[in-house]
Structure formats: structure tokens, C-alpha cells
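Written below as C-alpha cells is the structure these notes are about.
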Amino acid sequence: MPRRDSFDVAVLGGGPAGLAAAAAAADAGAKVCLVEREERLGGILKQCIHDGFGLARFGEALTGPEYAAREAGEAKSRGVDLRLGAFVVDVARGAGSRARPGLGREPWTAAEREFSLRCVSRSGAFELDCSSLVLATGCRERTDRQVFIHGDRPAGLLTAGLAQYLVNIQGLLPGRKAVVLGSGDIGLIMARRLTLEGVEVEGVYEIKGEPSGLSRNLRQCLDDFGIPLHLSTTVTEVHGAGRLERLTVAAVDQRGAPVRGSERSVACDTLILSVGLIPENEIALALGLDLDPTTRGPRVDQSGECLERGLFCCGNALHVNDLADYVSESGALAGSAAARRAMDGGAPRTLVPLKAGSGLLYAVPQYLDLGAAGEAVVYFRANSTWKRPVRLVGRAAGDGAGREFLSRAYRGLRPPEMERVELELEAIPRDAEALVLELEREE
């Protein structure tokens, strides 16, 4: 029978969110286990050798490996039980939710924990019980087939993360002449990285009418190296026998459809894909959670707790963040709240929906627990570019509709640049049926 251990909090994922959650839960006095599928902690940060990490969290500029090492050190120093090279193969909740091997459908006793996980590793199978479960599973990259690129299937088509791994970890060049599809941050960073390694980067192609990456990366990765950016243009077909030889690119209309007659051929041996990230939430779905269709993560309150008590989500599994610092912040909030829920049951919640109104793509969290004290951190994105001054306004809906609880001015906003705002919970009307955040142009 597999070894079985019990914990107050189990954290799934050893990236910055999971490490911060584990350390925070341990600081709150919980017995914590962290399960990570790789042999080393740090997640994607291990291969991000550029600096700029840690300014918000540690007050200094760190490379990705330095940031990861610091977060890992925090978790290790607190005695977190680290299960590396381990995979969760089954997760269940509640008494009698599944059969024990060889014992039939014997129900769990009252002393056993809320969540039960079956895991496997190189050293064998094991099982975990925990009162609180934190999902810090990160995200994955979209592939060429997920964005409907047609044609041959030659070698030389790589996601930006894979190209980064090959160059920074393996010391291998993916090719000699590259095209980058997508102007997200990792695509921009890889355009610069490949250029520094002697690869000719023909250009970066973006299907939207404006770039998808942070302004600083546009300057530092493209402008400083003279790499062209082609907006409202995409790759429609790949060609090559064995190895990529050329691409067909075309302008697109306002609906993103290729414009007939605008096609041209681009010679290259490598196509780097930076076409979006998808939160990894198979475990959340297995536990019956509905995902927010915009963020593709669970709906949570300001502590990261899902609508199901005791289940938490944080970091890029919740929504795709711009900065690792915010990923860690999200993890720390979830970890400390998970510990409280596990050890004393936590206070009853008074959940009120927080909705993204006019001008917003989304706002996270989707609920506020008005029974909690202090401030609530809210992350949001605009749904279009605002080049003129704009104001973020929060209002109550339902009874007492129209009462403002937030007003924050911005000189301008861009969808690629996530914003962070702190809400004073005491300023929010307690009789509100819902809360709405929206953007208004400054007069």
C-alpha cells in the first residue's frame, strides 16, 4: 500500500507562486507539503537569465534563476516538505469520495483530511491528505496548431519557452535565421536573445494592430537591436521538407482574417511562437470548478480561495501575470489564507461579486469577502488602449447602487500591462449586491 502522509496545506507547483504560498503557509504555523513535477524548484524562472525580476518583491533587480533561488531558499528554510519529480495522478475531496486500494468503498474517518491526492515519483507512489489545497500549477504555451497555422510540419517550429530552454539551459541554437510570431514579452525577449547569440531575426510579426508586450521590452528588445515589428500581420503557412525553409505571411483585416493578395514569402529556418499562454487548470476542473472564460482560471476571493472552501488558486494558474513579483504576491496571500482555513476553519465568508465593467477586460479576484479586514489587492487589464487620462471607478450595484468606493486616475492604459490596485474593504457598502469596476475618460 502506498505511503500516506497528512498535512495542513498541500501546494501543487514549485514555481514562484507555489514557493511563496508554501513559505507563507509555514510562517502561519501550518504543516506544509509542496509537490513539483520537475527535479528543480523555480518553474520557468530557471531559464530566464535576463534581469528585471524582484524589484517589487525584493527591492532589487535579479535574474530569473536568482529570483527562483531566493524563493526556494525561503521555502526550504521553513521546513516545507518538498516532493520533487512528482506528479499528481488523482485528486478527490470529501469523505467516501473514492475507494482505497484493496479496501473497497470504505469511507474516510472524520479525522482524515478534506483533500486526498495520489501521486507518483521515481521513488514510487505516495498519497497525501490535506485540509487546504493550493493550486499553483502555472501555465503552458499555445502551439502552432492552436492558432491554425497550416502547411507542412517540418523541424524548426518552436514555442518561445522551448527556444529559451534550448539556448539558455542546453546551450543549443535552434537555427540561423528566425522569425518570431507574436509580440508577447517572451517573444520579444527571445528576439533579443537570439540576436545576441548571432541568429538573424528577420522580424517579429503580430496579428493585432498594436504590440502585446510591455513597453520596456519593446524598447529594450526590438528598438535597441533594430529588429522590425510588423503589426496586423501573421504567418498563414509554413513550408519545408524536413526543415523549415520559408513562411507565407499576410496582412490581416480588423477581424484578424488574412487579406487576399497581401501574401509574401519569408525565407527562414526557424519560427518562434509567442502566441499566448493558457493557465494549467486540469486539477481544478477535476475538482468540479467552473473557470472564468476570460482568465481561464478559477473564480476566487481576495485571498485566492475558490468558491469551494479550502481550495485556493494563485499565480499564473489563476490568470496570466506580467511580473513574477505579482505571481509571488498572489501565492503568499493564498498560502497564508490556506493555513488559516486548515488550522482553525477560518471565519465565514461574506462574498460579493466584483465585476469587470465598461473598459475592462477582466478583474481578479471575481469576489470580495466583505467579512475580512484590511485591504484587497485587485489586478485588472483594460480591454483597449487608452492614450489619454482615464479613471478607474468602483461602484456598488443593487441596493445603494451608484455609491463609489474607489476612484483612481491613470495617465493611460494598455491591455498588455496589468495594473494593480488596493481596495479598502471598510469603504465598500455592506448592503451592495455586487461591485463594479469600470473605466471613465477624464474630462
Side-chain angles (χ1 to χ4, degrees), residues 7-36 41 43 56-57 71 74-75 78 80 88 91 93 114-115 117 130-139 279-281 283-284 287 289 291-292 295-321 323-347 349 351 354 363-369 371-379 418 420 422-423 425:
F7 296 90
D8 296 313
V9 177
V11 179
L12 304 186
L19 291 168
D27 280 343
K31 181 182 179 183
V32 184
C33 177
L34 183 148
V35 180
E36 165 57 40
L41 296 168
R57 185 158 173 81
E71 290 284 20
E74 296 288 334
R78 287 160 173 79
V80 173
V88 175
V91 59
R93 177 166 194 170
E114 286 288 330
F115 296 94
L117 294 84
C130 61
S131 296
S132 292
L133 179 62
V134 180
L135 304 179
T137 47
C139 56
E280 292 269 18
N281 277 308
I283 293 176
L287 289 166
L289 293 181
L291 304 185
D292 184 310
T295 63
R296 299 197 181 191
R299 296 176 175 89
V300 299
D301 66 13
Q302 67 266 29
S303 72
E305 189 169 19
C306 303
L307 298 184
E308 292 282 342
R309 283 169 60 98
L311 183 59
F312 296 77
C313 187
C314 57
N316 286 338
L318 181 58
H319 65 114
V320 177
N321 290 252
L323 302 178
D325 304 62
Y326 291 160
V327 169
S328 295
E329 179 183 46
S330 170
L333 289 170
S336 58
R340 291 194 299 271
R341 180 69 73 196
M343 294 187 296
D344 60 21
R349 291 189 291 177
L351 296 180
L354 179 65
V364 174
Q366 294 87 351
Y367 291 86
L368 292 182
D369 177 10
E375 298 177 335
V377 176
V378 175
Y379 304 98
M418 190 181 74
R420 177 188 183 278
E422 295 178 1
L423 303 182
L425 294 176

Going by heavy atoms in the side chains, are L307 and L351 under 4.5 Å from each other?
yes
Can you see which heavy atom on A339 is nearest to which on A30, and at what distance?
CB-CB, 3.7 Å
Residues passing the side chain to side chain contact (heavy atoms under 4.5 Å, CB included) test with A363, sequence neighbours excluded, are A356, V378, F380, L437
Output the distance between atom CZ (F312) and atom CG (D301), rounded to the nearest 0.5 Å.
7.5 Å
Side chain to side chain contact (heavy atoms under 4.5 Å, CB included) with C139: which residues, sequence neighbours excluded?
L277, N316
Looking only at heavy atoms, the pair that brings M418 and V320 closest together is SD-O, 4.4 Å
d(S131 OG, D344 CG) to nearest 0.5 Å is 11.0 Å
R309 side chain reached by R349 side chain, heavy atoms, under 4.5 Å:
yes
Salt bridge (charged side-chain N to carboxylate O under 4.0 Å, His left out) evaluation trace for E74 with R78:
CA-CA 7 Å; E74 296 288 334; R78 287 160 173 79; 2.7 Å; yes
Closest non-hydrogen contact found for V134 with A338 is CG2-CB, 3.7 Å
Distance col, row Q302:CD vs D369:CG, nearest 0.5 angstrom, shows 5.5 Å
Please evaluate residues L41 and L34 with respect to the criterion side chain to side chain contact (heavy atoms under 4.5 Å, CB included), reporting the C-alpha separation (whole Å), side-chain torsions for both, the decisive distance (0.1 Å), and the verdict.
CA-CA 10 Å; L41 296 168; L34 183 148; 4.0 Å; yes
So how far is it from C130 SG to F7 CZ, rounded to the nearest 0.5 Å?
9.5 Å
L133 side chain reached by L117 side chain, heavy atoms, under 4.5 Å:
yes
Please name the pair of heavy atoms, one in A317 and one in L135, separated by the smallest distance, quoted to 0.1 Å.
CB-O, 4.3 Å
For residues L291 and P298, determine if any side-chain heavy atom of one lies less than 4.5 Å from a side-chain heavy atom of the other.
yes
Is there side-chain contact between V377 and E422, with heavy atoms separated by less than 4.5 Å?
yes
Quick one: does any side-chain atom of D8 pair with a main-chain N or O of K31 as donor and acceptor, under 3.5 Å?
yes
Ignoring hydrogens and geometry, is there a side-chain-to-backbone donor-acceptor pair from N281 to R296 under 3.5 Å?
yes
Roughly how far, to the nearest 0.5 Å, is the CG atom of L368 from the CG atom of L423?
6.0 Å
Is there a side-chain contact between E305 and V300 in this structure, where contact means two heavy atoms from C-beta onward sitting under 4.5 Å apart?
no
Residues at least two apart in sequence or cross-chain that pass ring-ring contact (aromatic ring centres under 6.0 Å, His included) with Y379, listed by chain then number, are H319, Y326
Roughly how far, to the nearest 0.5 Å, is the CZ atom of R93 from the CD atom of E308?
5.5 Å
A75 and L19 have their tightest heavy-atom pair at CB-CD2, 4.0 Å
At their closest point, which heavy atom of A24 faces which heavy atom of S336, and how far apart are they?
CB-N, 3.8 Å
